[in-house]
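Working notes for the structure below.
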Amino acid sequence: MYLYNSLTRTKDEFIPNEPGKVSMYTCGPTVYHFAHIGNLRTYIMEDILDRYLRYAGYAVTRVMNITDVGHLTSDADTGEDKMLKGAKREHKTVMEIAKFYTDKFFEDCEALHIRRPEVVQPATECVEEFIRVIKSLIEKGYAYEAGGNIYFDTSKLEQYYVFNNFEEEDLAVGVREGVEEDGNKRNKADFVLWFTKSKFDDQELKWDSPWGVGYPGWHIECSCISMKNLGERLDIHCGGIDNAFPHHTNEIAQSEAYLGHKWCNWWVHVLHLNTNSGKMSKSKGEFLTLSLLASKGYDPMVYRFFCLQSHYRKSLVFSYENMDNAKVAYGKLISRIASLREEGEVDEAAFAELKASFVKAMDNDLNTSLAVTALYDVLKAKTNGATKLALLRDFDRVLCLDLLENAAKKRAEDAAVAEESKAADDPFVAWIEEQIEARRAAKASKNYAEADRIRAELLGKGVTLIDTKEGTTYRIGDAT
Ligand code: AMP
Ligand code: ZN
């Protein structure tokens, strides 16, 4: 399997540290608001990676953090705490909104068939661990105290910018629009490991530490939660592309300074979901949620299908027109699968050949759009129903589009509609139904003689009425 690595900037053959096993870390959500469908694109594509590794036979252990403290409105450690801002907006405590939005996030994941990682850990549960690692970074000379905060000293590293060759002006991490420069930093790229002083004295969650009462920076949480659960050598770390800098760059800096050796081999970044007016972001406040899509008639599987139709390393444009196209295409796909019958025996040769093109697509840096093409190729193939259904079932272990489940539903719906229209087309059945209705009306007006007459007339034509709590049904033919 070849997987693009942001570190080497090439598609490299994926070889884990230990044969047959993969450790995978995912940056989790900052739980101050609903996840938007852009965030969910990242989690869907990471889920595809997770599921495909399992499909390929690896034993995957996956860990995700929940950011419930320390993420400021600017990724460069300045601005307001996002959690506190969310709590103020909703007149709740930080922990209340953290719980509420964590639950909502996992509800969305379930609806989209995003597997829950083996370990999900909120940052607030790991503060002792953060303090231990920060202490060690100070002892090793990689961190310093200034103005009450602890900073990571990026000048101590041979190479800080690992994902890109930045120009001099890009070093101005702390200086962004509307954000003040932090005068405590020795170097512009330095970042906060522990805050005891911030502009916001009303920070709700604080912990005691050797440097005073305060709270951790955002970056340290992912390094520590990963190392705590997955050890010193990580196979894959993933996140959205905006996390590459500064978040992942800082994670690498502090983890490798702490460990004294290389930490993570593969960095996988999912490109953004954009709208026509630019990047979708939670902080902008104008974002789309999965439940909003559902309320407009788009099933979560349609959104998953929409995401799989394009490659994770290309940005994706959301529009209702694009969603409508995905909805139509998904509906047609399900109808075609619904028309298949489990006929014949699985043809092993055809199965292997068609599966190979799916595997080839996925082995090539998770090319999900080609994998979807492989799915259509199965439908077109000259082989029997049993082979086709076996292949679709197999691919859907990775794609998780509910292909067979929704096809079965579609068949049941079609059968019910056919039954109804058959009744409507048959004048005898229509007449029986009219008589049943007339008898119901007669009984309702206490005209029991008329009701009995209708029953007798029907019986004379071979129709036996059956009264149940739910209403009257009938049987044609035998009167037993
Ligand atoms: P957050 O909850 O803001 O910490 O973000 C959760 C995940 O969503 C991170 O991996 C981000 O990189 C990712 N993300 C943020 N915005 C987008 C977007 N517009 N499209 C795709 N992924 C995004
Ligand atoms: Zn992270």
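When a ligand or atom number is given, it counts from 1 through the structure's own listing order.
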Pair [X], [Y]: side-chain N/O donor-acceptor within cut-off below 3.5 Å:
X: Asn406; Y: Tyr330; result: yes
X: His113; Y: Asp402; result: yes
X: Asn187; Y: Tyr160; result: no
X: Glu221; Y: Asn65; result: yes
X: Tyr2; Y: Asp363; result: no
X: Tyr43; Y: Arg115; result: no

- What number of protein N, O or S atoms occur at distances under 2.8 Å from the Zn ion (ligand 2)?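 Atoms of protein N, O or S type lying less than 2.8 Å from the Zn ion (ligand 2) total 3.
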N or O pair under 3.5 Å between [X] and ligand 1:
X: Gly38; value: yes
X: Asn39; value: yes
X: Gly240; value: yes
X: Thr30; value: yes
X: Leu273; value: yes

- Item | Residues Arg116 and Glu110 bridged, charged N to O under 4.0 Å |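 Not counted as a salt bridge, because no side-chain N and carboxylate O are separated by less than 4.0 Å.
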- Query: Taking only residues two or more places apart in sequence or in another chain, which ones pass ring-ring contact (aromatic ring centres under 6.0 Å, His included) with Phe351?
  - Reply: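 ring-ring contact (aromatic ring centres under 6.0 Å, His included) list for Phe351, sorted by chain: empty.
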- Message: According to ring-ring contact (aromatic ring centres under 6.0 Å, His included), who are the partners of Tyr55, at least two apart in sequence or on a separate chain?
- Response: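 If we apply the ring-ring contact (aromatic ring centres under 6.0 Å, His included) test to Tyr55, skipping adjacent residues, the hits are Tyr52, Phe358.
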Only heavy atoms of [X], strictly under 4.0 Å: list the atoms of ligand 1 that pass.
X: Thr42; value: 10 (O), 13 (C), 21 (C), 22 (N), 23 (C)
X: Asn243; value: 9 (C), 10 (O), 11 (C), 12 (O)
X: His36; value: 16 (N), 17 (C), 18 (C), 19 (N)

- Task: For ligand 1, note which part of His272 has a heavy atom under 4.0 Å away: side chain, backbone, both or neither.
- Result: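 Near ligand 1, His272 shows its backbone as well as its side chain.
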- Message: Any heavy atom of Thr67 closer to ligand 1 than 4.0 angstrom?
- Response: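 Checking ligand 1 against Thr67, which is what was asked, there is no heavy-atom contact under 4.0 Å.
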- Consider ligand 1: state whether an atom of it lies below 4.0 angstrom from any non-hydrogen atom of His269.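 Contact absent.
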- Item | Within-4.5 Å side-chain heavy-atom neighbours: His36 and Leu290 |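 Contact flag for His36/Leu290 side chains = no.
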- Under a 4.5 Å cut-off applied to non-hydrogen side-chain atoms, are His261 and Arg233 in contact?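 SC-SC contact between His261 and Arg233 confirmed.
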- In chain order, what residues pass the side chain to side chain contact (heavy atoms under 4.5 Å, CB included) check against Arg336, with sequence neighbours excluded?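 In terms of side chain to side chain contact (heavy atoms under 4.5 Å, CB included), with neighbours along the sequence ignored, Arg336 is linked to Tyr376, Leu379, Lys380.
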- Item | Option set Asp242, Ile241, Leu40, criterion heavy-atom distance to atom 11 (C) of ligand 1, minimum |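 Answer by nearest heavy atom: Asp242.
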